[in-house]
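One is the number of the first residue; the rest follow in order along the sequence. For ligands, and for the atoms within them, numbers begin at 1 and follow the listed sequence.
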Amino acid sequence: MSSHLEPDRETRDDLTSQVVAYLADWYDRASNMQAWGVDLDLETLKELRRPPLEEGRDLDSILSDLTVAGKAGIYHPSGGHMSYIPNAGLYTAALAEFLAAGLNRYTGVAVAAPGFAAIELGVIEWFSSIFDLGPDSAGLLLSGGSMANLTGIVTARTAMLGNDFTSGVLYATPHTHHSAAKAARLAGFRSDQIVTVEVDHDLRMDINRLGERIVSDRGDGKTPFLVIASAGSTDTGTVDPLDDLAQLTSSEDMWLHIDAAYGGFFQLTERGKRTLHGIERADSLSLDPHKGLSIPFGVGALLVRDESALVDSHEGRGAYLRDEDSFMGLRDISSLGPELSRPFRGLSVWLPLQLHGVAPFREALDSSLDLAEHAYQRLSTIEGIDARWVPDLSVVAFMFDDDEAGRSAWEAVNTDRTVHLSPTIIDDRFVLRFAILNRRSTVEHVDHAIDIIEKTLIG
Ligand SMILES: Cc1ncc(COP(=O)(O)O)c(C=O)c1O
């Protein structure tokens, strides 16, 4: 056994304290850090890709490389980060990940770590209870929303179409996250089986057009089986008409998958719950704890109303495994999704929730809604800005009377580096957006960016 791979306690303590000290500096700076960093030159990128040495090197010099590597790009912990979908991260979840990796127990099958499986299944049960999915619901933690959408679509495909899915058709909108169409392709659907349904003037799935399209597809001998709705689109935070869609899919004997990767955890707030009305009728639901709960990247979730649908589509058997797919009443997580070996993701959600309680998470989500309201109110008074979409949740998307003026305003905000924004394109028009989901974002961050935008418009 190499002693290098088995450091003694003193060495472990020393290595750990270096890493903890490194992170302490990062966390001390988090509230005031700029929103994005410097560019790295090609030579530095090449250096960072160099292979390991035969004899290794000091942790000090490795952490120095990490500092250099980390200077570039967008700083997610910064409160000024309001581009894409933010995630500030959570120190206590990082500690949980350290613990989970350090304990290195196996959570693919319940028999290997029944207590840990219970913790993780308990997290899923709590999620299901937030959405009132009923006593037969189940789910699992995955690496993110993309994997949740993939697992949800495979589940719907198996439940509704069985083995022959050549005539199946599924429906989404131009604003459904691209991971849904990608998942459908990965699940074996041809591009002509993925139908894009028009949206209304508020960018919500147009239920009448959807209904018409289902009728005409059935008339053509196709099998409409799945509607993918958004509970908060990435572009504009728009929530599709979930209740109406649930009504339609139920009367058409179709499956309703709701992508709530961005917006789902607003269900913890009173306002969010009102906006997401109907979400409780989903057949399956994608969530991203690494968005709405600030868990470090790598934790998504899929919830399914009927556990048997999930098991039917993901159960696997091997001679080297036990015959049952549960132990002590605990379902093997590997029989619910694509992974066999998997990290103990449940700990990084469970530990912070147990430690802090639910209230601070709810408060953080409520503050994001407040800030979005503030941003919208200010933006809608500025000449040259067309704030046509009242935010459903915490993404505030707006257009400019002149797209070029919008691009200049965006560039001015990002050049300042206090706030980082990312735009999107809707109907060939430039759309800028404040995506507010970082508990470190303040009214000062929002106002600073809007001041810059206003100034560039005045000229
Ligand atoms: C609505 C929505 N769905 C799915 C995804 C994909 O999630 P992930 O990046 O966790 O795979 C995102 C990511 O931003 C999203 O906003």
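Few gaps surround CD on E198; more than 12 heavy atoms of other groups in view lie less than 6.0 Å from it. Crowding of Y106 atom OH: a count of heavy atoms from other residues, nucleotides or ligands under 6.0 Å exceeding 12. In the displayed structure, R49 atom CZ is contacted under 6.0 Å by at most 12 heavy atoms of other residues, nucleotides or ligands. Counting non-hydrogen atoms of other residues, nucleotides and ligands closer than 6.0 Å to CD of E315 gives a total above 12. When the shell of 6.0 Å around CG of D427 is examined, it contains 12 or fewer heavy atoms from other residues, nucleotides or ligands.
By the 3.5 Å distance cut-off applied to N or O atoms, Y262 is not counted among the residues near ligand 1. Between G145 and ligand 1, an N or O atom pair is found at a separation short of 3.5 Å.
Near A261, meaning under 4.0 Å from any of its heavy atoms, are these atoms of ligand 1: 2 (C), 3 (N), 4 (C). Shown in contact with D288 at under 4.0 Å from a heavy atom are these atoms of ligand 1, numbered in order with element: 7 (O), 8 (P), 10 (O). Under a 4.0 Å criterion applied to the non-hydrogen atoms of I85, ligand 1 contributes the atoms 14 (O), 16 (O). Annotation for ligand 1: atoms under 4.0 Å from non-hydrogen atoms of H290 are 10 (O).
Of all the heavy atoms of M147, none lies under 4.0 Å from any atom of ligand 1, so neither backbone nor side chain is involved. Residue S146 touches ligand 1 through backbone and side chain together, judged by heavy-atom distances below 4.0 Å.
For atom 14 (O) of ligand 1, the nearest non-hydrogen atom of the protein is K291 CE, 3.1 Å. The single protein non-hydrogen atom nearest to atom 3 (N) of ligand 1 is D259 OD2, 2.7 Å, given as residue, atom name and distance. The closest protein non-hydrogen atom to atom 16 (O) of ligand 1 is T234 OG1, 2.8 Å.
Taking a cutoff of 4.0 Å between a charged side-chain nitrogen and a carboxylate oxygen, D235 and R433 do not qualify as a salt bridge. Under the 4.0 Å criterion applied to side-chain N and carboxylate O atoms, E373 and R271 are assigned as salt-bridge partners.
Using a 4.0 Å cutoff on heavy atoms, S179 counts as a contact of ligand 1.
Only one option out of F189, Y171, F165 pairs with F225 in a ring-ring contact (aromatic ring centres under 6.0 Å, His included); it is F189.
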